[in-house]
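Following: one structure in structure tokens, then a few remarks.
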Amino acid sequence: MEVVVEGRRGIRGVIAEIRGDKVRMVRFVRGRLPKSTEGAVSKVERKLGERLRKDLSRFLSGKVVDFSAYKVGAETGTVFQRKVWKVMRRIPYGSTRSYGWIAKKIGKPGAARAVGNACGSNPLPIIQPCHRVVASGGKLGGFSGGLPLKRKLLALEGIAL
DNA sequence: ACTGATACGTTCT
DNA sequence: AGAACGTATCAGT
């Protein structure tokens, strides 16, 4: 089931894909918003979809939302990437951590650059908040969806970089 | 504050 | 095996 949420302030919208009781993928919308597809889905799935739609909508309007309780599909990514994503999910709303900080956290100091790669292949932006991972020394770092988007996401959480 | 050089770990090709 | 990367640090300017 696909959940489509309209955004504001320069973020067009977000699409999330749900399968069973897990969120499988999230991506930002570029062009026009497609329609939400449901088809024949189970009750749990419909329910999860509704909850996620609300949470994403709240997040996109600048509300404080905690996504850490959502179950996510764990079938993708290498061992290293999954470690990075796991730590990433625990970065609280409104705060940031550096690539190097995550590297240390997973027992691989010196792998800061590799952490950057892993962030870039995050299949679940917002839910796994890769935008909260920044460079050391108060610098913004990179973003595969484009730096302006990273700035907007951080701005939603009250962080100006 | 910015530039270049160098070391670094993981993932592509 | 080599190159590419969403980095970090340090020495210059």
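Here is how names work: the chains are called A, B, and so on, in the same order as the sequence lines, proteins then strands, and each is numbered from 1.
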Subject >> Qualifying residues under salt bridge (Lys or Arg N to Asp or Glu O under 4.0 Å), relative to A/Arg132, sequence neighbours excluded >> reply: A/Glu157
Subject >> Partner residues of A/Asn122 under the side-chain hydrogen bond (donor to acceptor under 3.5 Å, both in side chains) criterion, sequence neighbours left out >> reply: A/Gln128
Original post:
Roughly how many Å is it from NE2 in A/His131 to P in C/dG6, rounded to a whole number?
Top reply: 18 Å
Original post:
Please, which pairs that meet side chain to side chain donor-acceptor pair (under 3.5 Å) have at least one residue in residues 10-32 of chain A, sequence neighbours excluded?
Top reply: A/Asp21-A/Lys71
Original post:
Looking only at side-chain N and O atoms, does A/Ser136 come under 4.0 Å of OP1 or OP2 in C/dT7?
Top reply: no
Subject >> First and last nucleotide of DNA chain B, 5' to 3', lying under 4.0 Å from heavy atoms of chain A >> reply: B/dA7 to B/dT11
Original post:
What dot-bracket string describes DNA chain C from 5' to 3', counting Watson-Crick and G-U wobble pairs whose defining distances are under 3.5 Å, with [ ] for crossing pairs and | for pairs to another strand?
Top reply: |||||.|||||||
Subject >> salt bridge (Lys or Arg N to Asp or Glu O under 4.0 Å) contacts in which one or both residues fall within residues 77-92 of chain A, not counting sequence neighbours >> reply: none
Original post:
In residues 101-116 of chain A, what residues come within less than 4.0 Å of DNA chain B, judged by heavy atoms?
Top reply: A/Lys108, A/Gly110, A/Ala111, A/Arg113, A/Ala114
**OP:** Any salt bridge (Lys or Arg N to Asp or Glu O under 4.0 Å) involving residues 95-118 of chain A? Give me the pairs, sequence neighbours left out, ordered by first then second residue.
**Re:** none
Original post:
Which atom names give the shortest non-hydrogen contact between A/Ala16 and A/Leu52, and what distance separates them?
Top reply: CB-CD2, 3.6 Å
Original post:
What residue pairs, at least two apart or across chains, pass salt bridge (Lys or Arg N to Asp or Glu O under 4.0 Å) with a residue in residues 39-49 of chain A?
Top reply: A/Glu38-A/Arg46
Subject >> Sugar-phosphate only, base, or nothing, as touched by A/Phe80 at under 4.0 Å among non-hydrogen atoms >> reply: sugar-phosphate
Original post:
What pairs with A/Ser95 under side-chain hydrogen bond (donor to acceptor under 3.5 Å, both in side chains), at least two apart in sequence or on another chain?
Top reply: none
Side-chain donor-acceptor distances from residues 144-152 of chain A under 3.5 Å, at least two apart:
| unit_1 | atom_1 | unit_2 | atom_2 | d |
| --- | --- | --- | --- | --- |
| A/Lys150 | NZ | A/Tyr99 | OH | 3.3 |
| A/Lys150 | NZ | A/Val133 | O | 2.8 |
| A/Lys150 | NZ | A/Leu140 | O | 2.9 |
| A/Lys150 | NZ | A/Gly142 | O | 2.9 |

**OP:** May I ask you to say what A/Gly141 touches in the nucleic acid, namely base, sugar-phosphate or nothing, with a heavy-atom cut-off under 4.0 Å?
**Re:** nothing
Subject >> Of all pairs that satisfy side chain to side chain donor-acceptor pair (under 3.5 Å), the ones with a partner from residues 49-62 of chain A, not counting sequence neighbours >> reply: A/Glu50-A/Arg53, A/Asp55-A/Tyr70
Subject >> CD-CD1 distance between A/Glu6 and A/Ile11, expressed to the nearest 0.5 angstrom >> reply: 12.5 Å
Original post:
CZ of A/Phe143 versus P of C/dT7: gap in Å, rounded?
Top reply: 13 Å
